[in-house]
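Worksheet: the structure to be examined is printed underneath.
Protein chains get the first letters and strands the later ones, always in sequence-line order, with residue 1 at the start of each. As the structure is a prediction and not an experimental result, all values here were calculated from the model.
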Protein chains: 2
Amino acid sequence: MRMAEAREEPVGKAATILHAARQAFLASGFGAVSMDAIAREAAVSKATVYAHFNSKEALFGAVVADVAEQHFAGFTALELDPHDIEASLTTIARRFLDLVLSPEAIAVNRIIIGEVTRFPALSEVFWQAGPERNRIQIEGFLRRAAAAGSLAIDDVRLAGEQFRSLLRGEIYLRRLFGLEGRDDPAALAGAAARAVHTFLRAFGPTSS
Amino acid sequence: MRMAEAREEPVGKAATILHAARQAFLASGFGAVSMDAIAREAAVSKATVYAHFNSKEALFGAVVADVAEQHFAGFTALELDPHDIEASLTTIARRFLDLVLSPEAIAVNRIIIGEVTRFPALSEVFWQAGPERNRIQIEGFLRRAAAAGSLAIDDVRLAGEQFRSLLRGEIYLRRLFGLEGRDDPAALAGAAARAVHTFLRAFGPTSS
DNA sequence: GTCTATAATTGGATAGAC
DNA sequence: GTCTATCCAATTATAGAC
């Protein structure tokens, strides 16, 4: 039985190459990064890169799968109290925004969107590993909250989609377009609060 | 005084080249398109392309500016009646979705997002020509509706942002990721109706 | 301005030694 | 598996004739 590999200091050439490729692709996209640059960054020869990954496309796919799997795995809403609706929604909101607005998530979104015509399959992989998981977690909570009488929801799927849409807001798009940098945590909390506020105006127990 | 140039059949080599480049870039992105391909498509030599545009980057920039300017120019909400709130919001909603979900808009979004690290300035150009215009039009209507007592809005800017976010919903993201094709108009109308419905639950005159 | 032909470079991928 | 050296195709950009 082995320990899990460290995240910061990759062990082995394959991990080193994957790590270097990840940095490079997330920073510059697919087209602007050369295999030479990746090999240089990983401090190995190009032949070694090809010994582990058959092509640039394959390496790119491995990076996307790696990022998606690792980055979105932790999102959960299981332990939240459906009776304390505002606090629970606010917690979900902050977790969601922390995740989707993180520089790494934005970078992955960018390259997948930009290369969707060249790698249509990657979108599907990413969507299942990322947004779908978030959706299921959030819908689970909304369902429990509706059952507890904390929310007046007919269509849980729709309400969940609208909640996530309110959360993303304009800031997510502006980040994708590179129009603003990293928010301070206070701004993020404010965005979460405004989305929760409006969501509760529409779906709160007293609204219908 | 000359007539405006026809849109379908570009007049002159420069326009022909721009047209061909537009088709190619929108279909495949920046990196996957070669100047050879553009010259071939435009039925001119590569030297002629370079006679009109100094570089591939410059040609790309011209395409983005052209698309942004032309595509978003027509969005307006000026003539809508703030007293017939549901109908007016629904009209805005359909126009907005028609625009932002159109294949051409999705394609432009994709290439700008994908190349944002290589062409940071293009995002700004596009944002001003597109989303900002939509925002201003929609806020103008919301302000009139709030003044008329048709909506209960404190912060017009926020309400407008949330309305647009509800409209984009999941479908906009799924389009960006290439996960679904062109909607039939009925589905689009349904998405508009659901967003308006929720918006009115939150901001309608009876809700607060 | 427009063409043909070509320069100059880059970049993905591999051969062969160790 | 790993390296050095190299091949080969594609691509941006330009020279020079008309």
Give the C-alpha distance, both sets of side-chain angles, the deciding distance and a yes or no for side-chain hydrogen bond (donor to acceptor under 3.5 Å, both in side chains) between Thr91(A) and Ser88(A).
CA-CA 5 Å; Thr91(A) 298; Ser88(A) 293; over 6 Å; no
Check this for me, if you would: do [X] and [Y] make a salt bridge, where the nitrogen-to-carboxylate-oxygen distance has to be below 4.0 angstrom?
{"X": "Arg135(A)", "Y": "Glu132(A)", "answer": "yes"}
{"X": "Arg22(B)", "Y": "Glu104(B)", "answer": "yes"}
{"X": "Arg164(B)", "Y": "Glu161(B)", "answer": "no"}

Give a yes-or-no answer on whether the side chains of Arg95(B) and Gln137(B) include a donor-acceptor pair shorter than 3.5 Å.
no
Do the side chain of Lys13(B) and the base of dG1(C) come within less than 3.5 angstrom through a donor-acceptor pair of N or O atoms?
no
Could you name each residue pair satisfying side-chain hydrogen bond (donor to acceptor under 3.5 Å, both in side chains) that touches residues 49-65 of chain B, not counting sequence neighbours?
none
Within residues 48-55 of chain A, residues whose heavy atoms come under 4.0 Å of DNA chain C:
Tyr50(A), Ser55(A)
Here the residues of residues 26-34 of chain B within 4.0 Å heavy-atom distance, strictly under, of DNA chain C are none
To the nearest angstrom, how far is [X] atom [atom1] from [N] atom [atom2]?
{"X": "Phe60(A)", "N": "dA13(C)", "atom1": "CZ", "atom2": "C1'", "value": "19 Å"}
{"X": "Met35(B)", "N": "dA7(C)", "atom1": "CE", "atom2": "P", "value": "20 Å"}
{"X": "Lys56(A)", "N": "dA9(D)", "atom1": "NZ", "atom2": "P", "value": "19 Å"}
{"X": "Lys46(A)", "N": "dA5(D)", "atom1": "NZ", "atom2": "P", "value": "13 Å"}
{"X": "Glu57(B)", "N": "dT11(D)", "atom1": "CD", "atom2": "P", "value": "15 Å"}

Proximity of Phe126(A) and Phe72(A) rings by center, below 6.0 Å
yes
Using the ring centroid of each side chain, check whether Phe53(B) and Phe60(B) are separated by less than 6.0 Å.
no
To the side chain of Asp36(B), which of dT11(D), dA13(C), dT4(C) is closest?
dT11(D)
